[in-house]
Protein chains: 2
Amino acid sequence: MFSKSCEYAIKAMIFVAQKSKENLRVGIKEIAKGTDAPEHFMAKIMQDLSRRKLLHSAKGPNGGFYMDNTDLKNSIADIVKAVDGGSFYKDCVLGLKVCSEKNPCPVHFEYKAIKKNLISMIENNTLADFNEKLETGKFFLKNK
Amino acid sequence: MFSKSCEYAIKAMIFVAQKSKENLRVGIKEIAKGTDAPEHFMAKIMQDLSRRKLLHSAKGPNGGFYMDNTDLKNSIADIVKAVDGGSFYKDCVLGLKVCSEKNPCPVHFEYKAIKKNLISMIENNTLADFNEKLETGKFFLKNK
DNA sequence: ATAATAAAAGAGTTTTTTATCTTTTATTTT
DNA sequence: AAAATAAAAGATAAAAAACTCTTTTATTAT
């Protein structure tokens with residue numbers, strides 16, 4: 001569904017969001033450890049997210065990545081678009097170059113309805129929402 | 001969603017299914033052309049599908065790939081499982097190693113409901129169904 | 001000012017996926 | 001039996017994705 005880079009990005013964003021709630025900045029090492037991701041690879045991803053203004057970063061001592069309230073309003077969809085581009089939104093399930101309302105593939109309309117739900121799911125779940133959900137103790141981000 | 005190999009496999013299977021309806025065998029060249037896929041790469045995929053008994057093949061003159069009525073009952077899901085394995089069924093959307101009813105990620109239950117529909121879609125669409133749909137002239141498999 | 005810190009940037013490497021080319025084996029037709 | 005056909009199999013090659021390492025730049029604290 002999403003690239004591995006994108007999965008890492010989502011995990012990292014949720015991780016930073018949780019820390020930002022307590023006004024803490026997080027370094028790349030902590031993010032990598034906290035998400036079970038390779039440090040230097042994650043660093044590249046974070047640089048990209050930062051460049052694209054999905055979160056803030058600060059160099060030097062006590063630096064790190066952090067989010068303000070605007071950043072916390074970002075949804076999974078925003079992260080997906082930033083990392084994987086629009087392919088998730090655009091592409092035909094069967095991989096057909098031409099597939100539209102006028103030239104639908106055999107599963108076009110079925111998939112259209114499902115995709116609508118998928119899009120709702122990623123657009124309606126913001127980082128702030130994740131913070132709330134995780135606070136309840138009913139949801140987890142376990143990697144081992 | 002699916003790997004490129006899997007997309008090619010689905011396209012090829014639909015292509016062969018259409019020809020099999022008229023009791024025709026199709027060679028790899030024809031399949032590759034008819035699906036806009038690289039010939040030798042598609043050959044590998046077809047070998048794999050054939051080995052896994054998703055369709056029949058015959059060597060020599062007048063040989064090629066073809067399907068009997070049992071083969072036509074295969075669904076997209078069968079093809080996906082053969083080519084991409086069970087990852088589509090098993091994996092967490094966020095890529096978490098641990099994500100289950102007991103340890104759900106923040107979108108686990110939402111995605112579970114959607115995945116149910118996705119699975120219905122791929123399990124309930126057989127190659128025979130595609131043949132019918134395409135016969136109506138209301139659906140297309142266009143690549144250009 | 002200097003040293004320490006941490007992200008940004010640049011330049012690789014490795015692995016996986018996708019794609020191509022060649023040889024072999026099985027089958028059919030002449 | 002010989003020639004032709006077409007898939008099967010094996011071996012490479014190219015491209016993309018995932019991952020690593022090093023240097024540079026900005027910031028802070030001493």
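Lettering of chains follows the sequences in order, A, B, ..., and the numbering in each one begins at 1. Values in this document were obtained by computation on a predicted structure and should not be read as measured data.
Looking at residues two or more places apart in sequence or on another chain, you find a ring-ring contact (aromatic ring centres under 6.0 Å, His included) between Phe88(A) and Phe2(A). Listed by chain and residue number, Asn131(A), Glu135(A) satisfy the side-chain contact (heavy atoms from CB on, under 4.5 Å) test with Lys21(A) (two or more places apart in sequence, or in another chain). Annotation: side chain to side chain donor-acceptor pair (under 3.5 Å) contacts of Ser20(B) (sequence neighbours excluded): none. Under the side-chain contact (heavy atoms from CB on, under 4.5 Å) criterion, Ala37(A) pairs with Tyr8(A), Thr35(A), Met42(A), not counting sequence neighbours. Take His40(B) and apply the side chain to side chain donor-acceptor pair (under 3.5 Å) test, not counting sequence neighbours, and it matches no residue. Residues passing the side chain to side chain donor-acceptor pair (under 3.5 Å) test with Asn74(A), sequence neighbours excluded: none. Residues satisfying the side chain to side chain donor-acceptor pair (under 3.5 Å) test with Asp36(A), not counting sequence neighbours, are Lys144(A).
Base contact: Gly60(B) has a heavy atom under 4.0 Å from a base atom. Contacts of Ala58(B) with the nucleic acid, taken as non-hydrogen atoms under 4.0 Å apart, involve only primed sugar atoms and P, OP1 or OP2.
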Contact pattern, 5' to 3', of nucleotides 9-19 of chain C - B, S or - by protein heavy atom under 4.0 Å: BBB------BB

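DNA chain D lies under 4.0 Å from at least one heavy atom of each of the following residues of residues 15-27 of chain B: Val26(B), Gly27(B). The stretch residues 80-99 of chain B has no heavy atom under 4.0 Å from DNA chain D, so no residue of it qualifies as close.
For residues 99-139 of chain A, there are no ring pair (Phe, Tyr, Trp, His ring centres under 6.0 Å) pairs, not counting sequence neighbours.
Electrostatic pairing of Asp129(A) and Lys133(A) does not count as a salt bridge here, judged by no charged N lying under 4.0 Å from a carboxylate O.
Here the closest non-hydrogen pair linking Val98(B) and Asn143(A) is CG2-C, 4.2 Å.
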Please step through salt bridge (charged side-chain N to carboxylate O under 4.0 Å, His left out) for the pair Glu101(B) and Lys112(B), ending with a clear verdict. CA-CA 10 Å; Glu101(B) 300 290 293; Lys112(B) 188 184 172 186; 3.2 Å; yes

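Val107(A) and Ile119(B) fall within a single hydrophobic cluster, where Ile, Leu, Val, Met, Phe, Trp and Tyr are joined by side-chain heavy atoms under 4.5 Å apart, directly or via other members.
Summary of the strand contacts: Met42(A) and Lys29(B) both lie near DNA chain D, and taking for each the nucleotide with the nearest heavy atom, the more 5' one is attributed to Lys29(B).
For Asn62(B) and dT29(C), the shortest distance from a side-chain N or O to OP1 or OP2 is below 4.0 Å.
First and last contacting nucleotides of DNA chain D toward chain A (any atom under 4.0 angstrom from a heavy atom, 5' to 3' order): dA18(D) to dA29(D).
Side-chain polar atoms of Glu110(A) and Asn125(B) form a donor-acceptor pair below 3.5 angstrom.
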